Amino acid sequence: MAPAVAGGGGSGGRRNNEGAGNVAAANGGAACVCGFPVCACTGAAAVASAASSADMDIVAATATAGQIGAVNDESWVAVDLSDSDDVHGGAGDVQGALDDRPVFRTEKIKGVLLHPYRVLIFVRLIAFTLFVIWRIGHKNPDAMWLWVTSIAGEFWFGFSWLLDQLPKLNPINRVPDLAVLRRRFDHPDGTSSLPGLDVFVTTADPIKEPILSTANSVLSILAADYPVDRNTCYLSDDSGMLLTYEAMAEAAKFATLWVPFCRKHAIEPRGPESYFELKSHPYMGRAQEEFVNDRRRVRKEYDDFKARINGLEHDIKQRSDSYNAAAGLKDGEPRATWMADGTQWEGTWIEPSENHRKGDHAGIVLVLLNHPSHTRQLGPPASAENPLDFSGVDVRLPMLVYVSREKRPGHNHQKKAGAMNALTRASAVLSNSPFILNLDCDHYINNSQALRAGICFMLGRDSDTVAFVQFPQRFEGVDPTDLYANHNRIFFDGTLRALDGLQGPIYVGTGCLFRRITLYGFEPPRINVGGPCFPSLGGLFAKNKYQKPGLEMTKPGAKPVAPPAATVAKGKHGFLPMPKKAYGKSDAFADTIPRASHPSPYAAEAAEATDEAAIAEAVSVTAAAYEKKTGWGSDIGWVYGTVTEDVVTGYRMHIKGWRSRYCSIYPHAFIGTAPINLTERLFQVLRWSTGSLEIFFSRNNPLFGSTFLHPLQRVAYINITTYPFTALFLIFYTTVPALSFVTGHFIVQRPTTMFYVYLAIVLGTLLILAVLEVKWAGVTVFEWFRNGQFWMTASCSAYLAAVLQVVTKVVFRRDISFKLTSKLPAGDEKKDPYADLYVVRWTWLMITPIIIILVNIIGSAVAFAKVLDGEWTHWLKVAGGVFFNFWVLFHLYPFAKGILGKHGKTPVVVLVWWAFTFVITAVLYINIPHIHGPGRHGASSSHGNHAAHKKLELDRVFYGWP
């Protein structure tokens, strides 16, 4: 058991402990050491969190050792409070233990799981090699093309499996210690020395990406448990629509009520929509009656807030029509969109016109919430104007900034990557926090401790070489069966956790905490590509000798230490890693780079600038032409040239020697929405796979990366950029065996005993490896199997399309464009929350899987008919092929349900259609004479009698006739 935060001195700590005592009493036990009123330790299933930092003056720990246990097979624990040595000690002993412990620890996977896992990988590799040797030695002279193609496919499948498996040799767990973090950074007066953090939220279309979801994301960020004066939220609106801005203005108003309410009662989760949808609301404060009254009041205000958000589009149009009518505009004159204060909106207008349309509008930077003071500000007591008592609650709100970068015709705005780079420059001018967290607009902070958990990995020993911390993506609104593997936990909890034991996980687009200087092209102070698995490799490839820091910079009472001379000294370009012109023409922005280069939590606080000059400078650095003839998009910031800018951006950091870390916490850090509609899901996978291939055919191909890239990390990147090629071989393997029943030519002409032995070992070890991986990754067998099913669907559709698109781009130099994945459900969610699952939107991506399904049904039916017809006398001859056909159909079963629409709600319907097609094919094969070939039964005169006899036999089989 791992420990969590317990309340210490001050009212916040007392309130937290009382809540824990109440829950413990209800469960018939003593108060839990973690201080969580409803926690995994007590077996409760509700979301839990420690009291906010504003209410926790001093962190104290109880004497009992323990750890918040894994919930639902989760392998991370929320907080680490004490080690096994810290048992039944006094307060001074506990504080000393906290002082000596790092802010996170690394845990190895149990040897009973990991050692057999590693051995079986090599056993399967040997068995597969012997299997391929046998295949090469047993040719099929009747169909050489079939033999050659199948051998090539088996080589590829083995190679791709090896690419996927080798990086998983050293999975580890990293556990952040929030108690130590609070002890070292939080002060008794409510202030904190934690470094600043800028949170980027990006949206491109308030219609396809519901604006209410974006507002909830922003509200959860404002309410997160992180020092208020060191947390800044930036919203990037690429649509430039007034609707988004006014929704954020409404969110800022509602935040004045929602954020103090969350702090007062330690609300979890802190996205209001998700919180109010909870069936139970565990209480975290002192007075149950007060909580009920406060919640009822806030719920009413939130309902009013939603009504205003939903009515904004109509209000803006009505207001604009009123102003335009008052202006006496004539027909043909531009009709402006007007803000509430009576000024024209500088962005996109409802009725597009020059300089005010999509892709052609001015840049906008507006501060919705100014930077708060550095001291706590308690709220007012309850009164007629303020029904809620916030007299003991800090009511400050983090800074909130709306940004819409300038867009002009003729400029390539580089989609999301360009928006992130614009936010990076604008935030540097306004707040210049040393760390950046990026979130998609549909993701909200589910665990208020998430920001602190991520920062733990940036402030510990040897953490100055960490470029980013990647959180797993979790989703809500997914159907209970997860029909299209939206959760994708095999990748997040398996692959990414395993990469954490090498150079670190890859960057996957959202939920990622960056060190700002890594985006500016800085190199790490030390380079060790070996990592915990192969530390000796660091000396082989490092530019400078790798030396670990002696002590953490987070030790309490430590004095500010100057950064290492090697990293601070002026170089060829002064304090910048590249020429100043590579960063653009803004001197103000260039001046912020050295200040963010070597952040220290004990350094003097940088003054945040939000005056008119700073705002004007922020607008200028987001201009459409700012990046012309600069290093942005190539050597600086998010990388351009691919639709998966996330993967290549993380890769560019890794090849410089930077490392990354994986942070999986429970309750989940961030939760978003995923497309459960089949068409939207296929287009999402198409975009990802196309971007991966674009990286492979670019200068960022991992085959040619620097020697600072860990060898197995390189293997992982090669796998990420080549996996769509699997489609070319998988389509062959899912169709040709079925067609072999018609042609009579099989991939393996005469299988021997050794063939079956090798095949059994290859398949058996694969299943055992899957079981072991499921155990150490903390996922379920069902999730593993569902992932395999959707892999088959994606390979036969999206992967193939990605290969064709990228080949077209490479050969004909044509750009690839994608539509934004719609988060707006098409079904009736009021009647059925998963209605969108059964909406059929036909697309060309569905053609290939449909053909594969038909081919396998027809092939199996023909084999069955040939046995009944006496053409094949032994079932054993076709049993293996028929089994493989049903294996293919079983993997495409979720796809078949999806294309049946509402009829797919009844699984039996799919089986009925398959059986119907099977029977019709078999009957037609037997009853159409020319299919059998001429002269198969001797004279033509006897053929009719033979066919009639076989038809009678078939009728007896199917209808039970005597």
Side-chain angles (χ1 to χ4, degrees), residues 4-7 12-13 15-16 19-20 34-40 44 46-56 59 68 71 76-81 176-179 181-182 185-186 190 192 194 197 199 201 216-233 255 257-278 281-285 291 295 298 393-398 435 437 439 443-456 469 471 474 476 511 513 663-672:
V5 175
R15 180 163 62 251
N16 192 41
C34 70
F36 283 56
V38 183
C39 66
V47 174
S49 170
S52 66
S53 58
D55 291 336
M56 268 188 113
V59 178
I68 294 186
V71 179
W76 189 84
V77 291
V79 187
D80 184 12
L81 183 66
D177 192 330
L178 300 190
L181 190 76
R182 292 183 186 277
F185 290 95
D186 293 355
S192 177
L194 282 171
L197 177 61
V199 184
V201 180
N216 269 269
S217 176
V218 171
L219 286 168
S220 69
I221 294 168
L222 299 179
D225 183 8
Y226 201 79
V228 182
D229 56 328
R230 297 172 183 272
N231 178 13
T232 305
C233 178
L257 177 67
W258 172 251
V259 174
F261 169 70
C262 291
R263 293 173 183 162
K264 179 179 180 180
H265 297 291
I267 298 300
E268 295 285 351
R270 299 198 174 180
E273 185 72 18
S274 300
Y275 172 73
F276 288 120
E277 285 182 352
L278 290 177
H281 299 275
Y283 175 60
M284 306 264 183
F291 166 71
R295 182 185 175 278
V298 175
V393 181
D394 188 355
V395 295
R396 293 176 299 163
L397 297 178
F435 299 105
L437 172 70
L439 291 176
H443 280 66
Y444 65 89
I445 296 180
N446 179 65
N447 186 340
S448 63
Q449 310 294 314
L451 305 185
R452 288 176 173 265
I455 284 293
C456 283
V469 176
F471 291 83
R474 308 299 189 195
E476 62 184 3
L513 178 66
C663 180
S664 178
I665 65 176
Y666 193 87
H668 302 311
F670 313 109
I671 291 182

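All values derive from a computational prediction rather than experimental measurement.
Taking every heavy atom of both residues into account, Val393 and Lys264 meet most closely at CG2-CB, 3.6 Å. Across every non-hydrogen atom of Val469 and Cys663, the tightest pair is CG1-CB, 3.7 Å. The two atoms that bring Ile665 and Ala450 nearest to each other are CD1-CA, 3.9 Å, heavy atoms only. Closest approach of Gln449 to Arg182, counting heavy atoms only: OE1-NH2, 2.7 Å.
Here the CG atom belonging to Asp225 is positioned 6.0 Å from the CZ atom belonging to Arg270, to the nearest 0.5 angstrom. Ile455 contributes atom CD1, which lies 4.0 Å from atom OH of Tyr226 (distance to the nearest 0.5 angstrom). Note that the CD atom of Glu476 and the OH atom of Tyr444 stand 3.5 Å from one another [nearest 0.5 Å]. Between the CZ atom in Phe435 and the CG atom in Leu513 there is a gap of 7.0 Å [rounded to 0.5 Å]. Rounded to the nearest 0.5 angstrom, Leu197 CG and Leu451 CG are separated by 5.5 Å. Atom CG in Leu439 sits 5.0 Å away from atom CD1 in Ile221 (nearest 0.5 Å).
Asn216 contributes a side-chain N or O that, together with a main-chain N or O of Glu273, makes up a donor-acceptor pair within less than 3.5 Å. Distance alone, capped at 3.5 Å, is enough to place a donor-acceptor pair between the Arg230 side chain and the Ser192 backbone. A donor-acceptor contact shorter than 3.5 Å is absent between the side chain of Asn446 and the backbone of Pro269. In terms of modelled atom types and a separation under 3.5 Å, the side chain of Asn231 and the main chain of Pro398 share no donor-acceptor contact. When atom types are taken as modelled, the side chain of Arg452 and the backbone of Leu178 share no donor-acceptor pair closer than 3.5 angstrom. Looking only at distances, no side-chain donor or acceptor of Arg396 sits under 3.5 Å from a matching main-chain atom of Val228. Side chain of Ser220 to main chain of Ile445: a donor-acceptor pair is present (N/O by atom type, distance under 3.5 Å, no hydrogens or angles).
Taking Ala255 as the reference, Leu219, Leu222, Val259, Leu397 meet the side chain to side chain contact (heavy atoms under 4.5 Å, CB included) condition, with sequence neighbours excluded. Taking the ring-ring contact (aromatic ring centres under 6.0 Å, His included) definition, one finds that Phe670 meets it with Phe471, sequence neighbours left out.
Within the 4.5 Å cutoff, the side chain of Phe261 has heavy atoms near those of the Arg295 side chain.
Between Trp258 and Phe276, the ring planes lie tilted relative to each other; the angle falls in the 30° to 60° range.
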